[in-house]
Protein chains: 2
Amino acid sequence: MRVFWADGYDAASIDRLCRATGMPRASLYQDFGGKEGLFLAAIAHYVETRIGPVADALEPSGSLDADLSTYFARVVALATDDSQTPGCLISCVLAEVAGANDTFRLELDRRFTALEDRIAQRLDHEVASGAVTDTRALAGMLAAVSRGIMLRARSGAQAQDLDKIARVAVRASAREIV
Amino acid sequence: MRVFWADGYDAASIDRLCRATGMPRASLYQDFGGKEGLFLAAIAHYVETRIGPVADALEPSGSLDADLSTYFARVVALATDDSQTPGCLISCVLAEVAGANDTFRLELDRRFTALEDRIAQRLDHEVASGAVTDTRALAGMLAAVSRGIMLRARSGAQAQDLDKIARVAVRASAREIV
DNA sequence: ATAATTACAGAATGATCGTTCTGTATCTTG
DNA sequence: CAAGATACAGAACGATCATTCTGTAATTAT
């Protein structure tokens, strides 16, 4: 997973992947069918271990403001904590290969939609006790900001600068909902 | 340029690039020094011909709301108008290779910063006659939304859905500035 | 006209690629 | 114990890669 994240899909060689996973070549083909299958498995693992905790911040446990702040703090941390793996496997690597590979494009759409659903769910929880608004579009915007933050981290941006962006987004959400 | 945009950096072969540009192999090496140089030239051309017109919408010519709406309409159009080249050369292709190549990472940082500067400039123009606010962070957020929209387009999203996201972002900006 | 220079098609080069295969060691079963 | 199955290191395979080189045709200069 980290090799794909750091180097990209095409630049990640089977040799390198075997070494990094400690898995023999024959087993890789037997278990995953090839490079494509291994990549999809890496993404599933990334979603479970990295995106999962980020999205869990969206469980209603405090005010919307506090939950979104926690969510974005985790987004920024995920994107910047390890200089070897800047940004996001999905937004930076899967997105590139999605251009010419339909399997990957569908996977990208699926993963993006899942995050937006999660955000919209949290917003719906707030709206149920508030004003009528288009939570789906707001969720789309918050997801877009998250991805923009991931990309900015890939270019070398510091966490404190990304935190500022996140704060604007959280503020905007509060205003949109109220 | 379109080959890199559609296929990605590593998947774009020199053969394919020569055919697409109508340029003989020897000339490509003579003029650009190699694949890396050609890619950077393609990015410069993309910035001039595609990002340029988008950013020009930020010249103060109407209300901030109107200018940002025009800007985002162009972002969405750039990202979705041609199904062969979905998304953005910079946010989808350059960002991927930036992970393991410092030249590309610096270029990504440069291009991202340039767009943020442009947006901040437009916001400063508005603030000069209004309230005090952190235009840099707001510009960062608007740029992040733009990139998020580009990525969402790469996954196959339709323009009308992306327009909704843009509208939320424009509304948020108006509120932040006033 | 001839000689020199330029432009270009495509071959050559050395390397790398993803996938499949082979041989050997180890483990399991009867 | 022997036979069969499994796991694995790494070679083989056919293909592709980016870069450099070669030979030839076209153009330019004298």
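Quantities reported herein were computed from a predicted structural model and do not represent experimental measurements. So that the names make sense, note that chain A is the first sequence line, chain B the second, and so on, each numbered from 1.
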(message) Without decimals, in angstroms, what is the distance between A/Arg25 CZ and C/dT22 C1'?
(response) 14 Å

(message) Expressed as a whole number of angstroms, how long is the span from A/Tyr29:OH to D/dC13:P?
(response) 17 Å

(message) Looking at B/Lys164 and A/Asp134, is there a salt bridge between them, counting it only when a charged N and a carboxylate O are closer than 4.0 Å?
(response) no

(request) Send over the distance from B/Gln30 CD to D/dC21 C1', rounded to a whole Å. (result) 14 Å

(request) Kindly point out which of C/dC8, D/dA9, D/dT19 is positioned nearest to the side chain of A/Pro24? (result) D/dA9

(request) Could you check how far CG of A/Leu38 sits from P of C/dT19, rounded to whole Å? (result) 10 Å

(message) On the nucleotide D/dC8, are OP1 or OP2 found under 4.0 Å from the side-chain N or O atoms that A/Ser27 carries?
(response) yes

(request) Take the protein atom CE of B/Met23 and the nucleotide atom P of C/dA7, then report the distance between them rounded to whole Å. (result) 12 Å

(request) Under 4.0 Å from any atom of DNA chain D, heavy atoms only: list the residues of residues 3-22 of chain A that qualify, in numerical order. (result) none

(request) Tell me, with the steps shown, if A/Thr70 and A/Arg74 meet side chain to side chain contact (heavy atoms under 4.5 Å, CB included). (result) CA-CA 6 Å; A/Thr70 303; A/Arg74 291 182 189 180; 3.7 Å; yes

Expected list for residues 32-41 of chain A: side-chain donor-acceptor pairs under 3.5 angstrom, two or more places apart:
unit_1  : atom_1 : unit_2   : atom_2 : d
A/Lys35 : NZ     : A/Tyr9   : O      : 2.9
A/Lys35 : NZ     : A/Ala12  : O      : 2.8
A/Glu36 : OE1    : A/Asn101 : ND2    : 3.4

(message) Whole angstroms only, please: what is the CG-P distance between A/Leu28 and D/dG10?
(response) 16 Å

(request) Take B/Glu176 and B/Thr135, measure what side chain to side chain contact (heavy atoms under 4.5 Å, CB included) needs, and give me the verdict at the end. (result) CA-CA 9 Å; B/Glu176 189 80 6; B/Thr135 55; over 6 Å; no

(message) I'd like to know if A/Arg171 and A/Asp65 make a salt bridge, using a cut-off of under 4.0 Å between side-chain N and carboxylate O.
(response) no

Anything under 3.5 Å between a donor and an acceptor, one on a side chain of residues 149-160 of chain A, the other on a protein residue two or more places apart or in another chain? List them.
unit_1   : atom_1 : unit_2   : atom_2 : d
A/Arg152 : NE     : B/Glu116 : OE1    : 3.4
A/Arg152 : NE     : B/Glu116 : OE2    : 2.7
A/Arg152 : NH1    : A/Ser155 : OG     : 2.6
A/Arg152 : NH1    : B/Asp109 : OD1    : 3.0
A/Arg152 : NH2    : B/Thr113 : OG1    : 3.0
A/Arg152 : NH2    : B/Glu116 : OE1    : 3.3
A/Arg154 : NE     : B/Ala95  : O      : 3.0
A/Arg154 : NH1    : A/Trp5   : O      : 2.8
A/Arg154 : NH1    : A/Pro86  : O      : 3.0
A/Arg154 : NH2    : A/Trp5   : O      : 3.4
A/Arg154 : NH2    : B/Glu96  : O      : 2.9
A/Ser155 : OG     : A/Arg152 : O      : 2.7
A/Gln158 : NE2    : A/Gly156 : O      : 3.4

